[in-house]
Amino acid sequence: MTAATEVKESVGPPSKAARPHPIRTMLIKRSGIGVLTLLLVSILVFAATQILPGNAASAVLLNTATPARLHALEVQLHLNRPAVEQYWTWLTGILHGNFGTSLANGAPVSALVGGRILNSAVLVVLAGAIGTVLGIGLGVLAAARRDSLLDHVLSVGALAITALPEFVVAVILVIFFAAVVWHLFPAVSVFVPGTLPWSNPAELVLPVATLVIVIVPYVFRMMRASMIDALESDYVQMAQLKGVPRWRVLFVHALPNAIAPTIQVIGLTFLYLAGGVVVVEYMFNYPGLGQALVAAVSDRDIPVIQCIVLVLAAFYVAVNILTDVISLAVSPRRRLPRS
């Protein structure tokens, strides 16, 4: 027996506690990549606002700008400093919770954006949760009745809805449920300042319904395809041969194995909602991040634009990490440490 063999036998196989857990390893790696991504986004956002024609001082003064007033405001806003120094001042302020001051009204950006983040979050969470449940349920139903009339109707309907943009769906809902056919819900969402969005449930119905209708087809189509693959697998056919009840085959054997690919699509729909909410909030005058972003772009309110873009980027990073963790957690062969 050689010395190398003796050393190998004395050391033995690594203990289970010493093996890195896949979920923990992925969280560490993805969190580091997420921080670097946000840093890169902050650089790009700051650079993009720097290369715009004019600067923040000229955007504030507009027609009242004179060379003297421009110079005085540039000194006040620290715009006379080098771009690298301006970026570092802005970044350190963000790390300390200071997102700057709005150029439109002089209020702190955090105070302007804070309440709107909650409003948009309620809209995204409600639409995402309802759309996910409906998409998964309809996908399972269509797969269970494959090639039936119901399956064809759902598939064609999902394909047709996919071709409709958000503003078309919003207009159709307003025509049917707010303006022409029925007057069941308000056509615009006007919140009293300081009130929570769920205190006005009727004003949430049409914005949430618009987003739900837009995202359900994507979840439905992915769930249907995954369930069909699972129902054609060997273990499901074996369960059917053993006389396992149909509902148990669907929800115990097929659904857990078909849900992992659908989770990735659900994550993408939440990311889509972060962008689609801009159009919907503008259509229904909903006081969220989307409406604030449109107003900030119109007013050339650069600090507000920078803050909202960073918030959306952080949301994208967080949802991507959460989606990967859930996908790993529902896949037993991937989530367990390998020997």
Side-chain angles (χ1 to χ4, degrees), residues 23 26-27 29-31 33-35 37-38 41 113-140 158 161-167 169-170 173 189 197-198 204-227 255 258-284 286-294 307-331:
I23 294 181
M26 188 197 66
L27 273 177
K29 291 181 179 179
R30 294 300 303 274
S31 298
I33 295 173
V35 172
T37 302
L38 290 178
V41 169
V113 176
R116 292 179 177 270
I117 292 176
L118 177 62
N119 293 343
S120 293
V122 170
L123 204 61
V124 170
V125 170
L126 281 177
I130 297 172
T132 298
V133 173
L134 284 177
I136 291 177
L138 293 176
V140 172
I161 294 174
T162 304
L164 297 177
E166 298 95 333
F167 70 90
V169 177
L173 290 180
S189 301
W198 50 81
L204 290 172
V205 172
L206 292 185
V208 171
T210 301
L211 293 173
V212 168
I213 291 173
V214 171
I215 67 172
V216 161
Y218 300 98
V219 181
F220 160 76
R221 295 175 68 184
M222 188 65 202
M223 191 69 230
R224 177 184 177 276
S226 299
M227 278 294 294
L255 182 60
I259 198 67
T262 309
I263 289 175
Q264 296 292 337
V265 176
I266 293 171
L268 291 175
T269 58
F270 273 92
L271 298 181
Y272 172 82
L273 288 174
V277 75
V278 176
V279 177
V280 173
E281 288 180 357
Y282 181 77
M283 291 292 297
F284 290 99
Y286 186 86
L289 280 181
Q291 189 190 58
L293 182 60
V294 173
C307 177
I308 293 176
V309 172
L310 281 181
V311 169
L312 294 177
F315 176 76
Y316 270 66
V317 170
V319 170
N320 271 307
I321 295 175
L322 182 62
T323 301
D324 290 341
V325 169
I326 295 175
S327 298
L328 197 61
V330 300
S331 303

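In this text the structure is predicted, and so the values were computed from the model without any measurement.
- Considering all non-hydrogen atoms of both residues, Phe270 and Ala129 come closest at CZ-N, 4.2 Å.
- Contact detail for Val317 and Gly34: the closest heavy-atom pair is CG1-CA, 3.5 Å.
- In this structure, Leu271 and Asn320 have side chains that are in contact, with non-hydrogen atoms separated by less than 4.5 Å.
- With hydrogens and angles ignored, the 3.5 Å screen pairs no side-chain donor or acceptor of Tyr282 with any backbone N or O of Gly290.
- Note: Phe315 CZ to Ile117 CD1 = 11.5 Å, rounded to the nearest 0.5 Å.
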Listing, residues 130-140 side-chain donor-acceptor contacts under 3.5 Å, not counting sequence neighbours, or none:
unit_1, atom_1, unit_2, atom_2, d
Thr132, OG1, Gly128, O, 2.6

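- When all heavy atoms of Ala127 and Leu211 are compared, the closest pair comes out as CB-CB, 3.6 Å.
- For Arg221, the side-chain hydrogen bond (donor to acceptor under 3.5 Å, both in side chains) test picks out no residue, with sequence neighbours left out.
- A pairwise comparison of heavy atoms in Pro287 and Asn119 identifies O-ND2, 2.7 Å as the closest pair.
- The backbone N or O of Ile215 lies less than 3.5 Å from no partner atom in the side chain of Thr269, so there is not a single donor-acceptor pair.
- Interatomic distance, CD1 of Ile263 versus OG1 of Thr323, reported as 8.5 Å (0.5 Å rounding).
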Please assess Leu206 against Phe284 for the test side-chain contact (heavy atoms from CB on, under 4.5 Å), listing each intermediate value before the final yes or no. CA-CA 8 Å; Leu206 292 185; Phe284 290 99; 3.6 Å; yes
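- Across every non-hydrogen atom of Thr162 and Pro217, the tightest pair is OG1-CB, 3.4 Å.
- No side-chain donor-acceptor contact under 3.5 Å links Tyr286 to the backbone of Val277.
- For the residue pair Tyr272 / Glu166, a side-chain donor-acceptor distance below 3.5 Å is found, with atom types taken as modelled.
- Nearest heavy-atom pair across Gly288 and Glu281 is C-OE1, 3.1 Å.
- Between atom OH of residue Tyr316 and atom OG1 of residue Thr37 there is a gap of 13.5 Å, rounded to the nearest 0.5 Å.
- Distance CD1/Ile326 to CD/Gln264: 10.0 Å, rounded to 0.5 Å.
- Note that CD1 of Ile259 and CD1 of Ile266 are 5.5 Å apart. Values are rounded to the nearest 0.5 Å.
- One finds the OG1 atom of Thr210 at 4.5 Å from the CG atom of Leu173 (value rounded to the nearest 0.5 Å).
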